[in-house]
Amino acid sequence: MSGLDPEDFTPLRALAHRMLDDVFDRAERMGEGPVWQPMPEDARQAFRQDLPQQGQTAEALYGQFLEQIRPYSNGNPHPGFMGWVQGAGTPVGILAELLAASLNDNCGGRDHAAIEVERQVIRWASEMVGMPADSSGCLVTGSSLANFIGIITASRAVDPSMRHQGVSGRRLVGYAAETAHGCVSRAFDLAGLGSDALRLIPVDELYRMDDLALAARIREDRAAGFHPFIIIGTAGSVDCGAVDPLEALADIAQAEKCWFHVDGAFGAFARLSPEHAIMLDGIERADSLALDFHKWGQVPYDAGCVLVRDRAAHAQAFAQSLSYLTRADRGLAGNAPWPCDFGPDLSRGFRALKVWMTLAHYGASRMGEMVAECCDVARYLAERVEGDERYLLMAPVALNIVCFTLVDFEDEAIDELVKDLHESGVAAPSTTRIEGRLVIRAAIVNHRTTRATIDAMLEQIALLTEKYAQ
């Protein structure tokens with residue numbers, strides 16, 4: 001045997017064909033069986049072993065996958081998965097992952113096709129939201145990192161010397177709605193600004209940032225000697241899918257000379273639906289934007305994206321000149337700037353292939369229809385809830401997230417109900433808090449979820465509540 005390749009690929013080739021058949025057999029029957037089931041203790045123990053000194057056959061490892069991994073997966077490809085905001089993936093995405101692994105490209109930089117594919121994806125993302133075609137950007141793990149990159153870029157745009165001197169004593173402050181995702185506060189922490197430097201602004205009756213309260217807080221901070229530098233709007237809040245008044249926020253950012261960043265982790269994709277695009281008017285004015293292809297874009301995990309309007313400001317925040325990473329005018333070390341000039345990662349997988357194949361295969365129109373279909377299913381759930389005296393709709397349904405509860409059910413009862421619902425295997429919503437009350441949260445991000453899925457979930461809830469009443 002030479003290296004780690006088999007002397008004869010024939011058995012491995014046969015196993016690979018079997019794996020692919022199994023994968024697509026499962027995809028064809030997606031929806032059969034439970035959404036999720038708890039992992040038994042013996043299966044957990046199988047992954048608490050010492051480092052193996054001798055290898056096993058690929059066939060044996062695949063057998064372990066079938067018995068101890070696949071049955072206990074997260075479940076988000078299943079139509080009954082409605083928890084959190086997680087896309088379902090697609091068959092073409094599965095193939096893209098296989099092809100990307102076969103190349104094993106490091107997409108930190110250099111002159112190879114994968115870099116051009118990523119640049120194409122960035123142009124497509126910019127076009128989707130209406131930002132300039134020459135906007136900068138890169139693919140990352142997800143919007144947690146994308147928001148972090150946007151905040152870092154905005155802070156360094158205030159004064160590039162912060163890369164060397166730090167932020168101490170500058171009193172920079174930023175603004176987001178009190179419903180903003182927790183990763184925004186964490187980004188302020190990790191950026192050295194401190195989470196207290198993020199001012200959380202109240203929301204209105206539709207759970208959107210109150211732009212008048214924002215303007216007032218900026219005035220207060222300036223009077224107190226602080227330096228407002230960024231306003232962060234949300235396109236699709238994590239709790240109930242609300243969209244901040246992006247046009248108003250962009251106007252305030254322009255007037256106050258603040259960077260305008262938008263967290264469009266899942267909501268940005270509503271821009272592809274003619275019916276829903278108007279809700280995101282103003283997103284095209286963002287100086288930077290975070291979005292996740294692995295959410296409403298249905299790309300396999302992970303595939304986040306950050307876009308930055310000003311390419312020079314983006315590079316100014318991250319680019320380095322290092323002797324061992326010298327850019328050349330030709331050869332493999334050419335093709336500057338590299339993706340590592342626009343984020344913290346030097347080692348980067350070929351995420352762009354699965355994004356490129358997904359968008360190229362389905363097209364923007366079909367993806368927009370999928371977004372509209374998800375919203376339609378969410379509206380159906382809201383209508384079912386409002387038409388049944390046993391339920392309460394707890395927040396307006398702006399896009400595809402429905403928050404509801406049962407009349408007279410306290411927090412503890414809702415918590416137990418959702419856990420029982422998960423263990424039933426019928427549906428897997430999550431929970432959140434609306435005005436301090438624990439509620440059921442159904443995020444309809446899965447392109448496989450239908451009205452029949454909603455009916456099955458509500459029927460199971462009814463069965464469970466009957467059990468509680470006994």
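Position 1 is the first residue of the sequence; numbering continues from there. Being a predicted model, the structure only gives us computed values, none of them experimental. As a basis for the values below, the full set of heavy atoms in this structure was taken, side chains included, without hydrogen atoms, waters or symmetry mates.
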Which pairs would a plain distance check flag for residues 258-268, meaning a side-chain donor or acceptor within less than 3.5 Å of a matching protein atom at least two apart in sequence or in another chain?
residue : atom : partner : partner atom : Å
Trp259  : NE1  : Ser288  : OG           : 2.8
His261  : ND1  : Ser288  : O            : 3.4
His261  : ND1  : Ser288  : OG           : 2.6
His261  : NE2  : Asn147  : OD1          : 2.7
Asp263  : OD1  : Ala265  : N            : 3.2
Asp263  : OD2  : Asn147  : ND2          : 3.4

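- You'll find the side chain of Gln64 stays beyond 4.5 Å of the side chain of Ile69, heavy atoms only.
- Ala216 pairs by the side chain to side chain contact (heavy atoms under 4.5 Å, CB included) definition with Arg219, not counting sequence neighbours.
- Using a cutoff of 4.0 Å between basic side-chain nitrogens and carboxylate oxygens, Arg384 and Asp388 are not scored as salt-bridged.
- In this structure, Leu193 and Phe229 have side chains that are in contact, with non-hydrogen atoms separated by less than 4.5 Å.
- Sorted by first and then second residue, the salt bridge (Lys or Arg N to Asp or Glu O under 4.0 Å) pairs with a member in residues 360-376 read Arg366-Glu369, Arg366-Glu373, Asp376-Arg379, Asp376-Arg451; sequence neighbours excluded.
- The pair Arg199-Asp221 meets the salt-bridge criterion, since a charged nitrogen lies less than 4.0 angstrom from a carboxylate oxygen.
- Residues Ile218 and Val173 are not in side-chain contact: their nearest non-hydrogen atoms beyond the backbone lie 4.5 Å or more apart.
- In this structure, Leu145 and Asp345 have side chains that are in contact, with non-hydrogen atoms separated by less than 4.5 Å.
- In this structure, Arg448 has no salt bridge (charged side-chain N to carboxylate O under 4.0 Å, His left out) partners at least two apart in sequence or on a different chain.
- Val85 pairs with exactly one of Asn76, Ile401, Val238 by the side chain to side chain contact (heavy atoms under 4.5 Å, CB included) rule, that one being Ile401.
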Between side-chain atoms of residues 19-37 and protein atoms elsewhere (two or more places apart, or another chain), which donor-acceptor pairs fall under 3.5 Å?
residue : atom : partner : partner atom : Å
Asp22   : OD2  : Tyr62   : OH           : 2.5
Gln37   : NE2  : Pro71   : O            : 3.1

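- Between the side chain of His314 and the main chain of Phe342, a donor-acceptor pair closer than 3.5 Å is present.
- Taking OG of Ser430 as the reference point, atom CZ of Arg441 lies at 4.5 Å (rounded to 0.5 Å).
- In this view, Phe188 satisfies the ring-ring contact (aromatic ring centres under 6.0 Å, His included) rule with no residue, not counting sequence neighbours.
- Within the structure, salt bridge (Lys or Arg N to Asp or Glu O under 4.0 Å) pairs that include any residue of residues 355-365 do not occur (at least two apart or interchain).
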Per-pair distances, 0.1 Å, donor-acceptor, side chain in residues 357-365, under 3.5 Å, sequence neighbours excluded:
residue : atom : partner : partner atom : Å
Thr358  : OG1  : Lys354  : O            : 2.6

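- With hydrogens and angles ignored, the 3.5 Å screen pairs no side-chain donor or acceptor of Ser143 with any backbone N or O of Ala146.
- The shortest distance between side-chain heavy atoms of Pro344 and Ile149 falls below 4.5 Å.
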One pair to check against salt bridge (Lys or Arg N to Asp or Glu O under 4.0 Å): Arg311 and Asp134. What are the steps and the verdict? CA-CA 8 Å; Arg311 179 177 295 270; Asp134 60 351; over 6 Å; no
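- Evaluation of the ring-ring contact (aromatic ring centres under 6.0 Å, His included) rule for Phe404 yields Tyr391 as partners, not counting sequence neighbours.
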Which donor-acceptor pairs under 3.5 Å do the side chains of residues 119-132 make with protein atoms, sequence neighbours left out?
residue : atom : partner : partner atom : Å
Arg119  : NH1  : Glu116  : OE2          : 2.9
Arg119  : NH1  : Asn335  : OD1          : 2.8
Arg119  : NH2  : Asn335  : O            : 2.9
Arg119  : NH2  : Pro337  : O            : 2.8
Ser126  : OG   : Ile122  : O            : 2.9

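- The list of side chain to side chain donor-acceptor pair (under 3.5 Å) pairs with a residue in residues 230-243, not counting sequence neighbours, reads Asp239-Thr432.
- The existence of a salt bridge linking Arg348 and Asp105 is excluded, since no basic side-chain nitrogen approaches an acidic carboxylate oxygen closer than 4.0 Å.
- Residue pairs that meet the salt bridge (Lys or Arg N to Asp or Glu O under 4.0 Å) test with at least one member in residues 281-292, sequence neighbours left out, are Glu247-Arg285, Asp251-Arg285, Arg271-Asp281, Arg271-Glu284, Asp292-Lys295.
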